[in-house]
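Input: a single structure, listed below in structure tokens.
Just so it is clear: chains get the letters A, B, ... in the order the sequence lines come, proteins before strands, and each one is counted from 1. Computed from heavy atoms alone, side chains included, the values below leave out hydrogens, waters and symmetry copies. Being a predicted model, the structure only gives us computed values, none of them experimental.
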Amino acid sequence: SNLRPVVFHVPQKETALQCRYRLMRKETHDWNQAFWANHNERFFKEKEDFVRRKLDDKQQTVDSAEARLSADELSEFYKAFLDKNYPLHANYNREWYHKNLRLLFPAFQVFLEKIYNKLFKR
Amino acid sequence: MYRQCSRFSAWQVHKHFNSKVLTPNHGLIAKTRCVSSKTNLKTEDDQGTAFPEQMTHIKYASKGLEKFPQKYKQVPLTLFIKKSKTLVMLDEISEKFTVTFPKSEDTLTVDIGPEDFAKLKNMLEKDKRDSSPAHNPESITECIWQEMKTDNNKLMQYYFRLSKIRLTGLVVLTAMAGYAMAPAAFDPIGFTMVTLGTGLTSASANAINQFFEVPFDSQMNRTKNRVLVRGYLSPLHAVTFAAVSGSVGLVVLALGANPLTAALGAFNLGLYTLVYTPMKRHTILNTWVGSVVGAVPPLMGWAACTGSLDPGAWIMAAIMFCWQFPHFNALSWNLRPDYSRAGYRMMSVVDPNLCKRVALRHTVGITGLCFLAPVAGLTTPLFPVMSLPLNLYFTYLGWKFYQQGDSSSSRSLFRFSLLHIPLLILLMIVNKPSRKNDSKDSGKESVTVVQSELT
């Protein structure tokens, strides 16, 4: 996947709120990684298959220097792939918005808690 | 928190007598695509004689963790010397090659065996075909672990990038044009208020858009360096920025201009963030909604000046609406692979013929609308004549794009669209009908009214 892998730092004295927030973030991040890694792998594999099939139809070998499909031919593949994956993306979208917005409030809580600790616990 | 790219391997440099020897370091990443090397001890005396024909042109790129210079777009292979944090770009590789550092006396020999070299070549070819961001790193910062910390010195820079400052600037420009074309007195305070308000509202809309689209932006080469994708700002920070700038912007519009302007601003903000952004992933109709978003700023400028929306304002908005299509369709034409993989439903992927037709249709529309401008009282009759060459050339580029439908015609259409709209606005302002007679008449009217009241 093209998402940057993140390692979450666990502070020495992590409070309950921070722990909950970190676990939520980690879960969202892992879910995202899994989805996109899977999706991108399928995309490149299907693209290779498509290119191979098209080149066979045109009776050219895959690795020759002139074996490049034109943008118009490739656009058939892009359209087909997009349409095929539409329900998947619609689902992912809904889930992503839900997870993303759900992370905002715990983030805010952690932020407030940090300020509170800085002001009153020292 | 640290991040890492799953691709490159780093080579550690050991100082060994007077020469440097490369050994691979597998330590960094799990999925290494690493090339082994035979240790090849060579003293500096041998460098010149051994492989003169294979001396590659090495450009000494940058020290440390900076971006590659812009002209080196296609980077086949780079060498990151960890200890000295030096980055060297290689534009040619072969089985054996040497690297020289202009700033020091040392040279480096890299000897890759023939089979590994063949493997490496294969890898590079495959990467060129795959256009995903992971296979096209543009900076070493994409390949090494980095801490996700907000650098407070760069806060303003991050905010500019979060608000897509260039796009916001153009939006503000169109709002100023709307204000300039409106048939009422020029009030410098009102003008500043509408500029500021529109800028803040647009910045807020763009920030929310970036917040919603983090995983999709990281999939596309064009947007993979956005602030939230890279983690320079936390999502909460971005949302707070958007909330503050949006509310301040709308208040400035409401108080500094008038409630109609603020209402238009709020409508546009909602349309962009809550309608256009989700729609991009569901239906191609998003382009039409996005064009409405682009057409509203001149209306805002006009309303700030006169307090109402006259036919002239609608003509101006219609021209902006039509302009969005050739602009966006041309841009999206070359991004089809990225859009397809990221799951965006755009005309260029879903219905390429429609894409080209619509672009052409709207270039013709702009030309037609410019003839309607004097009828609505927006400009003098000279305006359609003066803008005709500009519009005809734009239509010609649209026609070429329709006929050829390739990357070069789309790029020229896109580039000209960026030139076309400022020039058109300039011509509009130059051809603004003068209202001197009106003010004189109204002046006379008020004088007579006062006289009749006194007597």
Side-chain angles (χ1 to χ4, degrees), chain A residues 1-10 21-22 25 28-29 31-33 35-37 39-40 42-44 46-48 51 63 65 68-72 74-86 88-90 92-94 96-97 99-101 103-111, chain B residues 1-6 29-30 122 125-126 129-130 132-135 142 145-148 211-221 224 229-231 234-237 239-240 277-278 280-283 333-334 336-346 348-352 405-407:
Chain A
S1 85
N2 290 317
L3 296 175
R4 308 185 70 108
V6 181
V7 164
F8 293 96
H9 168 247
V10 184
Y21 176 57
R22 176 175 61 87
R25 279 187 73 185
T28 309
H29 187 77
W31 171 77
N32 255 334
Q33 289 275 53
F35 176 84
W36 285 107
H39 182 79
N40 288 338
R42 268 187 309 119
F43 180 82
F44 288 122
E46 289 186 25
K47 187 169 174 205
E48 286 282 326
V51 170
D63 292 315
R68 281 274 134 92
L69 286 186
S70 78
D72 285 330
L74 274 177
S75 69
E76 282 175 42
F77 165 69
Y78 293 140
K79 176 175 167 48
F81 187 81
L82 192 64
D83 288 337
K84 194 168 71 135
N85 284 290
Y86 175 63
L88 191 72
H89 273 293
Y92 171 77
N93 234 41
R94 222 191 348 245
W96 160 247
Y97 272 58
K99 287 189 158 65
N100 202 16
L101 293 171
L103 275 174
L104 276 181
F105 188 58
F108 188 56
Q109 284 180 315
V110 165
F111 172 71
Chain B
M1 300 165 226
Y2 292 81
R3 281 177 288 156
Q4 184 187 39
C5 165
S6 64
I29 308 109
N122 237 351
E125 284 300 307
K126 185 164 184 299
R129 290 200 298 264
D130 296 341
S132 71
H135 299 129
E142 296 183 28
W145 285 107
Q146 277 189 308
E147 191 184 343
M148 258 162 90
F211 166 71
F212 280 150
E213 309 237 290
V214 172
F216 312 120
D217 283 344
S218 66
Q219 299 299 323
M220 309 205 316
N221 270 314
K224 63 182 173 173
V229 174
R230 295 288 217 120
S234 76
L236 181 66
H237 196 152
V239 171
T240 318
T277 303
K280 282 204 284 191
R281 310 191 56 78
H282 288 102
T283 156
W333 193 257
N334 288 326
R336 278 179 293 176
D338 282 352
Y339 280 149
S340 166
R341 191 163 45 82
Y344 282 120
R345 298 192 69 78
M346 300 294 175
S348 59
V349 185
V350 172
D351 195 345
D406 61 358
S407 69

Show the nearest heavy-atom pair for residues G343(B) and H89(A), with the distance to one decimal.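 Between these two residues, the closest heavy atoms are CA-NE2, 3.5 Å.
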How close do W36(A) and A342(B) get, heavy atom to heavy atom, and via which atoms?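 Residues W36(A) and A342(B), closest heavy atoms: CH2-O, 3.7 Å.
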R345(B) charged N/C atom sitting above Y86(A) aromatic ring, 6.0 Å / 45°: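 Yes - R345(B) lies over the ring of Y86(A), closer than 6.0 Å to its centre and within 45° of its axis.
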How far does CZ of F216(B) sit from OH of Y92(A), to the nearest 0.5 angstrom?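 Answer rounded to 0.5 Å: 5.0 Å.
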Can you tell me how far CZ of R336(B) sits from CG of L82(A), rounded to the nearest 0.5 angstrom?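 L82(A) atom CG to R336(B) atom CZ measures 12.5 Å (nearest 0.5 Å).
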Sidechain-backbone polar pair: [X] side chain, [Y] backbone, donor-acceptor under 3.5 Å:
X       : Y       : value
N100(A) : F211(B) : yes
H39(A)  : R341(B) : yes
W96(A)  : F212(B) : yes

Tell me, for V239(B) versus chain A, whether the close heavy atoms (under 4.5 Å) come from the side chain, the backbone, both or neither.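 Only the side chain of V239(B) comes within 4.5 Å of chain A.
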Minimum side-chain heavy-atom gap T277(B)-Y97(A) below 4.5 Å: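 Result yes, sub-4.5 Å side-chain heavy-atom pair found.
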Do F43(A) and S340(B) have side-chain heavy atoms sitting under 4.5 Å apart?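 Yes; the side chains approach each other to less than 4.5 Å.
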Give, as side chain, backbone, both or neither, the part of F77(A) having an atom under 4.5 angstrom from any heavy atom of chain B.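 For F77(A), no heavy atom lies under 4.5 Å from chain B.
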Using a cut-off of under 4.5 Å for heavy-atom pairs, which of K79(A), E76(A), R42(A) has the most such pairs with chain B?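 Option with the greatest count: K79(A).
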